[in-house]
Amino acid sequence: MPVATWWRGDPLPALPGLPGLTTRPVADPAEAGTLTGLPPAEVARRWADGNTLHGAFLHEQAAGYGWLARTAGRIDELWLAWSIPPGEAYLWDFVTRPEARGRGVYPLLLQAMLATEASISRFWIGYEGHNRASARGIEKAGFQVVGDLAVHAGRLEGVTLADGGPRGAAFARLFPTLPVLAP
């Protein structure tokens with residue numbers, strides 16, 4: 001599972017605008033349920049855990065969403081949970097609705113979140129390696145791949161680093177109990 005990062009001060013690639021697109025944090029339970037399709041109890045749990053929901057709307061219609069975690073990250077499929085250092089955030093559970101796909105909603109939403117969450121200095125995001133659409137959107141938004149959560153037969157074995165500098169070291173520190181593996 002590749003992991004990418006964007007640090008405050010990194011360049012943001014210029015993206016073509018999308019007429020009618022707006023983005024904003026969503027805090028209303030009814031709107032969050034409509035936007036995400038999640039049960040109210042799950043939305044409430046995510047908010048109670050300190051997560052923020054950001055929505056993308058195209059001509060006022062739901063186009064996509066993503067979550068931002070400030071204190072703890074989780075990847076349930078890997079039975080992985082970790083603490084997020086102060087001033088950093090983990091971006092997760094992004095969905096672009098089928099009717100809005102292919103129009104640049106995802107990278108525009110990512111960049112809007114970077115701008116909205118100005119107090120955060122480092123953002124982290126992971127994606128499934130086979131999901132080329134996610135990889136393209138993350139790269140277009142300005143994120144750089146720094147490593148991989150090494151998974152074999154559904155089991156998390158460690159981290160590999162694509163960056164031997166400070167970004168790679170910061171990535172490895174997110175998961176202090178996982179060994180750093182040779183790429």
Between [X] and [Y], is there a donor-acceptor pair closer than 3.5 Å when you use the side chain of the first and the backbone of the second?
| X | Y | answer |
| --- | --- | --- |
| R97 | L35 | yes |
| R24 | G55 | no |
| T160 | G147 | no |
| N51 | R46 | yes |

Identify the residue among L149, L181, L174 that makes a side-chain contact (heavy atoms from CB on, under 4.5 Å) with V159.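 Option passing the side-chain contact (heavy atoms from CB on, under 4.5 Å) with V159: L149.
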Residue that, paired with P107, satisfies side-chain contact (heavy atoms from CB on, under 4.5 Å) out of K140, R136, E139: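 Considering K140, R136, E139, a side-chain contact (heavy atoms from CB on, under 4.5 Å) with P107 is found only for K140.
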Verify the cluster assignment for [X] and [Y]: are they in a single hydrophobic cluster under the rule of side-chain heavy atoms below 4.5 Å apart?
| X | Y | answer |
| --- | --- | --- |
| V43 | V95 | yes |
| L68 | L12 | yes |
| I84 | W67 | yes |
| L78 | W82 | yes |
| Y65 | I125 | no |

Considering all heavy atoms of both residues, which atom of [X] and which atom of [Y] are nearest to each other, and what is their separation?
| X | Y | value |
| --- | --- | --- |
| A56 | V105 | CB-CG1, 3.8 Å |
| A32 | L53 | CB-CD2, 3.6 Å |
| R103 | L18 | O-CD2, 3.7 Å |
| W124 | R167 | CH2-O, 3.9 Å |
| G142 | P13 | CA-CD, 3.5 Å |
| Y127 | S134 | CB-CB, 4.0 Å |

Between [atom1] of [X] and [atom2] of [Y], what distance do you get to the nearest 0.5 Å?
| X | Y | atom1 | atom2 | value |
| --- | --- | --- | --- | --- |
| T36 | E31 | OG1 | CD | 10.5 Å |
| L91 | L114 | CG | CG | 7.0 Å |
| F143 | D10 | CZ | CG | 9.5 Å |
| Q111 | T116 | CD | OG1 | 11.5 Å |
| L178 | L80 | CG | CG | 6.5 Å |
| L58 | T23 | CG | OG1 | 12.0 Å |

List the steps and the verdict of side chain to side chain contact (heavy atoms under 4.5 Å, CB included) for R8 and W6. CA-CA 7 Å; R8 185 79 44 210; W6 184 87; 3.6 Å; yes
Would you say the side chain of M113 lies within less than 4.5 Å of the side chain of T52, judging by non-hydrogen atoms?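 No, every pair of side-chain atoms sits at 4.5 Å or beyond.
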A side-chain contact here means heavy atoms from C-beta on lying under 4.5 Å apart; do E117 and R70 qualify?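 Yes, side chains in contact.
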Carefully, step by step, assess R45 and E42 under the rule side chain to side chain contact (heavy atoms under 4.5 Å, CB included). CA-CA 5 Å; R45 183 192 66 77; E42 176 60 15; 2.7 Å; yes
NE2 (H59) with more than 12 external heavy atoms under 6.0 Å: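 Enclosed: over 12 neighbouring heavy atoms sit under 6.0 Å from NE2 of H59.
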Is the number of heavy atoms from other residues, nucleotides or ligands within 6.0 Å of CD (E157) greater than 12?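 More than 12 within 6.0 Å, yes.
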Just do the side chain to side chain contact (heavy atoms under 4.5 Å, CB included) check on D148 and F171 with the steps written out, would you? CA-CA 9 Å; D148 217 336; F171 168 57; 5.9 Å; no
F94 and L110: CA distance, side-chain angles, deciding distance, side chain to side chain contact (heavy atoms under 4.5 Å, CB included) verdict: CA-CA 9 Å; F94 281 79; L110 285 169; 3.7 Å; yes
Students often mix this up, so state it plainly: with edges at 30° and 60°, are the rings of Y90 and W92 parallel, tilted or perpendicular?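 It falls in the parallel class, under 30°.
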